[in-house]
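The structure under discussion appears below in the form of structure tokens.
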Amino acid sequence: MNKNRENFKKYSNDLYFHHLLVENERIRTLICQELILDREIVSTKLKNAQQYGKNFYEKKLILDILAIDDVGDLYNIELQTYGLNEEILVRFELYNAELLRQQVKQGEDYTSAHVVRSLIISYGHILDNAPLYKCHFRMVDDEHHIVYPFNRMEITIIQLEYINQVINEMTSFNQLMYLFKNEKPYDKIEIDYRIKEAIQMHDKYISSEESYLEYLDRLDNEILLRSRDRKIKEANQKVVEEKQKAEEANQKAEKEKKKAEEANQRAEKANNEIDSILDETKESIIKYIKMQFHEDISDFISTFSKQQIRNLQKHLYDFEEFEELKNYFQKPKGLSRKVCK
């Protein structure tokens with residue numbers, strides 16, 4: 001027998017689990033009853049009788065069972081053969097919230113919303129720091145141990161890894177969980193009639209070639225889905241890496257731009273300081289010539305270049321007469337050559 005056929009025949013085959021809860025109301029009601037202890041559930045009906053997300057092109061291959069009981073409370077049930085990771089647990093929270101929201105039509109009182117209860121039956125993939133067979137979650141004030149009033153959402157997780165914790169409390173529900181965990185019924189006590197029905201339905205299911213082909217299609221879709229998810233993950237990672245590189249390049253460019261701006265500011269400051277010194281130098285030259293020769297050269301000196309002003313300052317005291325200075329100005333290369341006394 002090949003591996004696919006072996007896995008198909010297991011009770012952990014979630015296609016069989018879906019088939020069982022769709023076709024057998026007694027077992028469906030038994031599971032729902034485990035989630036509520038203060039009243040007896042008379043009957044349950046399916047809200048989603050068919051599979052959805054069955055094709056590769058759908059976002060997920062989901063086989064949840066959504067049922068409603070005789071008073072209107074909702075039950076979302078899923079057999080989980082993969083790890084109880086963050087994505088799965090958050091999905092249950094969001095799905096519960098959406099089921100709660102959908103109940104209230106526009107203009108209706110919010111109190112009309114019925115309780116939404118979810119059950120995750122997990123194979124071997126346990127919760128961190130929770131080595132327990134059954135974990136029941138709802139909104140509670142941890143400090144004062146007060147349950148949130150009028151709570152409308154509950155999530156219960158059954159961890160089949162710890163089925164032995166209830167080995168001495170083999171209720172009908174626990175017998176069903178034992179069957180799914182161990183691939184055989186618990187025979188130390190009288191087997192519940194619903195467990196016998198589950199076994200009979202399983203025998204009939206695994207003898208159906210049509211069911212097996214459906215199972216193979218499911219495997220193919222899962223392979224395609226995992227391949228697609230991997231490619232999407234790789235593409236997203238590449239986008240993140242490229243974005244990070246772009247951000248690093250932008251940061252580097254910003255730093256270079258900032259350095260250039262700072263250099264320009266320093267250069268501008270230096271030029272302003274030079275201009276200020278030259279202005280002071282011109283004023284000093286004008287005052288000196290006025291005092292020494294009683295002549296005003298303000299208009300004329302305003303046309304001088306920076307180099308000419310520096311040269312004039314350097315040789316200013318070489319001129320003994322204003323005419324000598326004046327003649328020097330009139331030379332074609334005035335102040336560009338050395339002045340000799």
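Just so it is clear, the model here is predicted, and its values are computed rather than measured.
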Spacing of [X] atom [atom1] and [Y] atom [atom2] [to the nearest 0.5 Å]:
| X | Y | atom1 | atom2 | answer |
| --- | --- | --- | --- | --- |
| Leu37 | Arg39 | CG | CZ | 11.0 Å |
| Ile206 | Lys10 | CD1 | NZ | 12.5 Å |
| Thr156 | Ile120 | OG1 | CD1 | 9.0 Å |
| Glu254 | Lys257 | CD | NZ | 5.5 Å |
| Glu210 | Tyr205 | CD | OH | 10.0 Å |
| Ile301 | Glu283 | CD1 | CD | 9.0 Å |

For [X] against [Y], the heavy-atom pair lying closest together:
| X | Y | value |
| --- | --- | --- |
| Gln175 | Met170 | NE2-O, 3.5 Å |
| Arg194 | Ser172 | NH2-OG, 3.2 Å |
| Leu179 | Pro185 | CD1-N, 3.7 Å |
| Ser43 | Glu25 | CB-OE2, 3.2 Å |
| His114 | Val71 | CE1-O, 2.7 Å |
| Glu143 | Asp141 | N-OD1, 3.0 Å |

Item to check | Test applied, side-chain contact (heavy atoms from CB on, under 4.5 Å); reference residue, Arg152; option that passes from Val116, Asp73, Val115 | outcome: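 When side-chain contact (heavy atoms from CB on, under 4.5 Å) is applied between Arg152 and each of Val116, Asp73, Val115, only Val115 qualifies.
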Checklist entry - Would Asp69 and Tyr75 count as a side-chain contact (heavy atoms from CB on, under 4.5 Å) if you check the C-alpha gap in whole Å, the side-chain angles of each, and the deciding distance to 0.1 Å? => result CA-CA 8 Å; Asp69 69 12; Tyr75 302 84; 2.7 Å; yes
Check: [Y] main-chain N/O paired with [X] side-chain donor or acceptor under 3.5 Å:
| X | Y | answer |
| --- | --- | --- |
| Asn182 | Lys184 | no |
| Thr281 | Ile277 | yes |
| Glu280 | Asp275 | no |
| Asn24 | Leu20 | no |
| Tyr123 | Phe180 | yes |
| Arg138 | His136 | no |
| Gln159 | Leu132 | yes |
| Asp109 | Ser112 | no |
| Gln308 | Ser305 | yes |
| Asn13 | Lys9 | no |

Is the shortest side-chain heavy-atom distance between [X] and [Y] below 4.5 Å?
| X | Y | value |
| --- | --- | --- |
| Asn76 | Tyr95 | yes |
| Asp192 | Ile195 | yes |
| Ile41 | Ile36 | yes |
| Leu89 | Leu127 | yes |
| Ile77 | Phe17 | yes |
| Asp296 | Ile286 | yes |
| Glu34 | Leu119 | no |
| Thr29 | Val42 | no |

Would you indicate whether [X], at its atom [atom1], is surrounded by more than 12 heavy atoms from other residues, nucleotides or ligands within a distance under 6.0 Å?
| X | atom1 | result |
| --- | --- | --- |
| Asp38 | CG | yes |
| Glu86 | CD | no |
| Phe137 | CZ | yes |
| Glu321 | CD | no |
| Tyr288 | OH | yes |
| Asn264 | CG | yes |
| Lys306 | NZ | yes |

If hydrophobic clusters are built from ILVMFWY residues whose side chains come within less than 4.5 Å, do [X] and [Y] share one?
| X | Y | result |
| --- | --- | --- |
| Tyr317 | Ile289 | yes |
| Ile274 | Leu312 | yes |
| Met139 | Met153 | no |
| Leu15 | Leu213 | yes |
| Ile189 | Ile191 | yes |

Item to check | Residue from Tyr11, Tyr215, Phe8 passing ring pair (Phe, Tyr, Trp, His ring centres under 6.0 Å) with Tyr16 | outcome: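 Considering Tyr11, Tyr215, Phe8, a ring pair (Phe, Tyr, Trp, His ring centres under 6.0 Å) with Tyr16 is found only for Tyr11.
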Checklist entry - Hey, is Lys252 close enough to Glu247 for a salt bridge, meaning N to O under 4.0 Å? => result no
Next on the checklist: Go through it in stages, so that I can follow the logic: the residues are Glu262 and Lys269, the test is salt bridge (charged side-chain N to carboxylate O under 4.0 Å, His left out), and I'd like the CA-CA distance, side-chain angles, deciding distance and then a yes or no.
Outcome noted: CA-CA 10 Å; Glu262 291 173 350; Lys269 183 179 179 181; over 6 Å; no
Item to check | salt bridge (charged side-chain N to carboxylate O under 4.0 Å, His left out) between Arg266 and Glu273, intermediate numbers included | outcome: CA-CA 10 Å; Arg266 288 194 297 270; Glu273 290 175 351; over 6 Å; no
Next on the checklist: What verdict does the side-chain contact (heavy atoms from CB on, under 4.5 Å) test give for Leu74 and Leu100, after you've listed the backbone C-alpha separation in whole Å, the side-chain angles of each residue and the deciding distance to 0.1 Å?
Outcome noted: CA-CA 9 Å; Leu74 293 173; Leu100 192 62; over 6 Å; no
Next on the checklist: Quick check: Tyr133 with Tyr162 (ring centres under 6.0 Å apart)?
Outcome noted: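 So the answer is no for these two rings.
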Next on the checklist: Working note: Ile121 + Met177, criterion side-chain contact (heavy atoms from CB on, under 4.5 Å); need CA distance, chi angles, decisive distance, verdict.
Outcome noted: CA-CA 8 Å; Ile121 302 171; Met177 295 300 100; 3.8 Å; yes
Next on the checklist: Go through it in stages, so that I can follow the logic: the residues are Arg101 and Glu98, the test is salt bridge (charged side-chain N to carboxylate O under 4.0 Å, His left out), and I'd like the CA-CA distance, side-chain angles, deciding distance and then a yes or no.
Outcome noted: CA-CA 5 Å; Arg101 186 197 64 79; Glu98 180 61 19; 2.7 Å; yes
Checklist entry - Gln80 and Ile88: side-chain contact (heavy atoms from CB on, under 4.5 Å), yes or no, with the steps? => result CA-CA 9 Å; Gln80 184 56 244; Ile88 290 172; 3.6 Å; yes
Next on the checklist: Among Gln33, Arg26, Arg28, exactly one meets side chain to side chain donor-acceptor pair (under 3.5 Å) together with Thr44. Which residue is that?
Outcome noted: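 It is Arg28, the one option of Gln33, Arg26, Arg28 that forms the side chain to side chain donor-acceptor pair (under 3.5 Å) with Thr44.
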